[in-house]
Asker: 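Can you keep this structure in mind? I'll have questions shortly.
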Amino acid sequence: MANKLDGDVPAFEKFDQGSYAMHTGVLPPDKNYDIDVGIVFDCTRDKYADLVELKKKVCKALNTHGRSVVIRRPCVTVNYMRGNEVDYHVDLAIYVKRDDGLLDLAKGKLNSSTEKRVWEPSDPRKLTDIICTAFSDADDLAQYRRCIRYFKRWRNVQFANGGAPLSIALTVAAKNLFATRFSTSGRPVDLLAMIDWVDALLGQFQQLYTDEGWHRRLVVTLPVTPYCDLMEWMSKGQMETFETKLKSLRQALVDAEAEELPEEACKKLRQQFGDDFPVPEKAATAKAVSAAV
């Protein structure tokens, strides 16, 4: 990109962010992998009073054969094509530097009104560090990441038609509420950890007042600047659907935990996590149970 940017564009550096950097990514149902990268230009917001102009320069530099580039409000999305289909995409968050050590994120797209084109203070590297250091023990951290990935796959399956909570909201909620679970022998018990986590999430719903009146909402506050509510954008109806689906997930997890046969437990979980959720063969589990007995 560097040699294709206009000559007056400052130098830049890049860093990985999002699930790619946090090791919490999942295989999307449509196989369109999402990679998040931050691009930090060596200047301040004063150089680009209209931040969309900087995004347009990035878009122009990347718009070559085999790609399609779209300017979105939070980022510039580069779709890498395989024939006429998107193979995977990279979301480029465009930042400039600040005197206080934070970054300013360019939020705005081509047709945004002036008031919707804003430089938003941001601290993406600190957020990644907070998520990645939630647990000091390697086994605890591994279970934490696995359960985030389970939850994100559940989100993809259950909200295939839209209205899904943001992935980063679920990840931050895990940082706040997730507790590891291990058996007395030290074996990780992800199913029990998931039940505890969903219980904790449901316990955080509260009656709050919005433009739609009083209704039950879940608040998940970003732990770094700008300390916003990551669930704020969800409507009353979307929040009700989310809570209902969480309750269904909890029941499925509890029912699976009560099953004696692993294959029957997995069938119940398949209804929540999708048709590709693995269900072991009955013969294989019977052999394992017999050996254990």
Side-chain angles (χ1 to χ4, degrees), residues 18-20 22 24-36 68-91 93 107 109 111-112 116 146-174 194-195 197-199 201-202 204-205 208 210-213 215-220 222 228-256 266-279:
S19 60
Y20 187 65
M22 298 173 186
T24 58
V26 296
L27 174 64
D30 61 2
K31 306 299 190 295
N32 180 3
Y33 284 98
D34 173 17
I35 300 172
D36 296 297
S68 68
V69 187
V70 180
I71 297 176
R72 300 168 56 209
R73 186 165 193 269
C75 62
V76 174
T77 296
V78 185
N79 295 303
Y80 289 84
M81 312 299 292
R82 185 183 296 273
N84 295 323
E85 300 292 331
V86 178
D87 191 25
Y88 66 96
H89 72 275
V90 178
D91 288 332
K107 299 191 77 170
K109 56 186 178 180
N111 297 320
S112 294
K116 292 291 185 180
R146 283 197 306 274
C147 287
I148 290 174
R149 291 195 288 267
Y150 301 151
F151 215 156
K152 290 172 68 172
R153 167 47 70 96
W154 172 82
R155 165 193 178 272
N156 289 343
V157 171
Q158 296 298 321
F159 294 89
N161 295 322
L166 298 175
S167 290
I168 187 60
L170 300 181
T171 302
V172 170
M194 285 292 292
I195 293 173
W197 183 17
V198 175
D199 274 339
L201 279 171
L202 288 169
Q204 292 294 309
F205 276 79
L208 295 174
T210 71
D211 292 340
E212 297 177 280
H215 59 279
R216 289 176 59 76
R217 297 191 67 84
L218 175 68
V219 175
V220 179
L222 188 71
C228 56
D229 176 12
L230 296 169
M231 310 293 282
E232 183 180 16
W233 66 274
M234 294 182 71
S235 69
K236 176 182 177 181
Q238 289 171 331
M239 194 63 75
E240 289 174 347
T241 298
F242 179 43
E243 185 176 18
T244 298
K245 287 182 178 292
L246 275 179
K247 290 177 179 177
S248 296
L249 171 61
R250 183 194 182 282
Q251 190 60 55
L253 293 168
V254 170
D255 290 346
C266 290
K267 288 177 182 177
K268 294 183 183 300
L269 295 177
R270 175 173 279 190
Q271 297 172 14
Q272 292 291 320
F273 295 98
D275 292 339
D276 57 349
F277 188 88
V279 175

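These values consider heavy atoms only, across backbone and side chains, with no hydrogens, waters or symmetry-generated copies. Model, not experiment: these values are computed from the prediction.
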Asker: A side-chain contact here means heavy atoms from C-beta on lying under 4.5 Å apart; do Gln204 and Val219 qualify?
Answerer: no
Asker: Between CD of Gln271 and CZ of Phe277, what distance do you get to the nearest 0.5 Å?
Answerer: 11.5 Å
Asker: Taking all atoms of both residues into account, what is the closest heavy-atom pair of Val220 and Asp229, and its distance?
Answerer: N-OD1, 3.1 Å
Asker: Is it true that, when you exclude Lys109 itself, more than 12 heavy atoms of the residues, nucleotides or ligands shown sit nearer than 6.0 Å to its NZ?
Answerer: no
Asker: Using the rule given for side-chain contact (heavy atoms from CB on, under 4.5 Å), can you reason through Phe242 versus Met239, listing the C-alpha separation, both sets of side-chain angles and the distance that settles it, and then say yes or no?
Answerer: CA-CA 5 Å; Phe242 179 43; Met239 194 63 75; 4.2 Å; yes
Asker: CG/Leu27 to OH/Tyr33 distance, rounded to the nearest 0.5 angstrom?
Answerer: 4.0 Å
Asker: So with a 6.0 Å cut-off around CD of Glu212, is the heavy-atom count from everything else above 12?
Answerer: yes
Asker: Between Leu269 and Trp154, is any pair of side-chain heavy atoms under 4.5 Å apart?
Answerer: no
Asker: Is any side-chain heavy atom of Leu170 less than 4.5 Å from a side-chain heavy atom of Pro165?
Answerer: yes
Asker: Write down the atom of Met231, the atom of Ala169, and the distance for their closest heavy-atom approach.
Answerer: SD-CB, 3.6 Å
Asker: Is the shortest heavy-atom distance from the side chain of Met22 to the side chain of Ile168 under 4.5 Å?
Answerer: yes
Asker: To the nearest 0.5 Å, how far apart are CG in Leu249 and CD in Gln158?
Answerer: 8.0 Å
Asker: More than 12 non-hydrogen atoms from neighbouring residues, nucleotides or ligands closer than 6.0 Å to OH on Tyr20, yes or no?
Answerer: no
Asker: Indicate yes or no: at least one non-hydrogen side-chain atom of His215 is less than 4.5 angstrom from one of Thr210.
Answerer: yes
Asker: For Ser248 and Gln272, work out which heavy atoms get closest and say how close.
Answerer: O-NE2, 3.7 Å
Asker: Ignoring hydrogens, what is the shortest heavy-atom contact between Ala164 and Phe159? Give both atom names and the distance.
Answerer: CB-CB, 3.4 Å
Asker: Using side-chain contact (heavy atoms from CB on, under 4.5 Å) as the criterion, point out the one residue from Thr77, Val78, Val69 that pairs with His89.
Answerer: Thr77
Asker: Lys116: what forms a salt bridge (charged side-chain N to carboxylate O under 4.0 Å, His left out) with it, not counting sequence neighbours?
Answerer: none
Asker: Not counting sequence neighbours, list each pair that qualifies as a salt bridge (Lys or Arg N to Asp or Glu O under 4.0 Å) and has a residue in residues 147-173.
Answerer: Arg153-Asp276
Asker: Between Phe273 and Tyr150, how do the two ring planes meet: parallel, tilted or perpendicular, split at 30° and 60°?
Answerer: perpendicular
Asker: Test your reading of the model: is there a side-chain donor-acceptor pair from Arg73 to the backbone of Lys107, 3.5 Å cut-off?
Answerer: no
Asker: Taking atom CZ of Arg217 and atom CD of Glu243, what is their separation to the nearest 0.5 Å?
Answerer: 11.5 Å
Asker: What is the distance from atom CG of Asp34 to atom CG of Asp91, rounded to the nearest 0.5 Å?
Answerer: 4.5 Å
Asker: Might you point out which heavy atoms bring Ile148 and Ala174 nearest each other, and give the distance in Å?
Answerer: CG1-CB, 3.7 Å
Asker: What's the spacing between Leu166 CG and Leu222 CG if we round to 0.5 Å?
Answerer: 10.5 Å
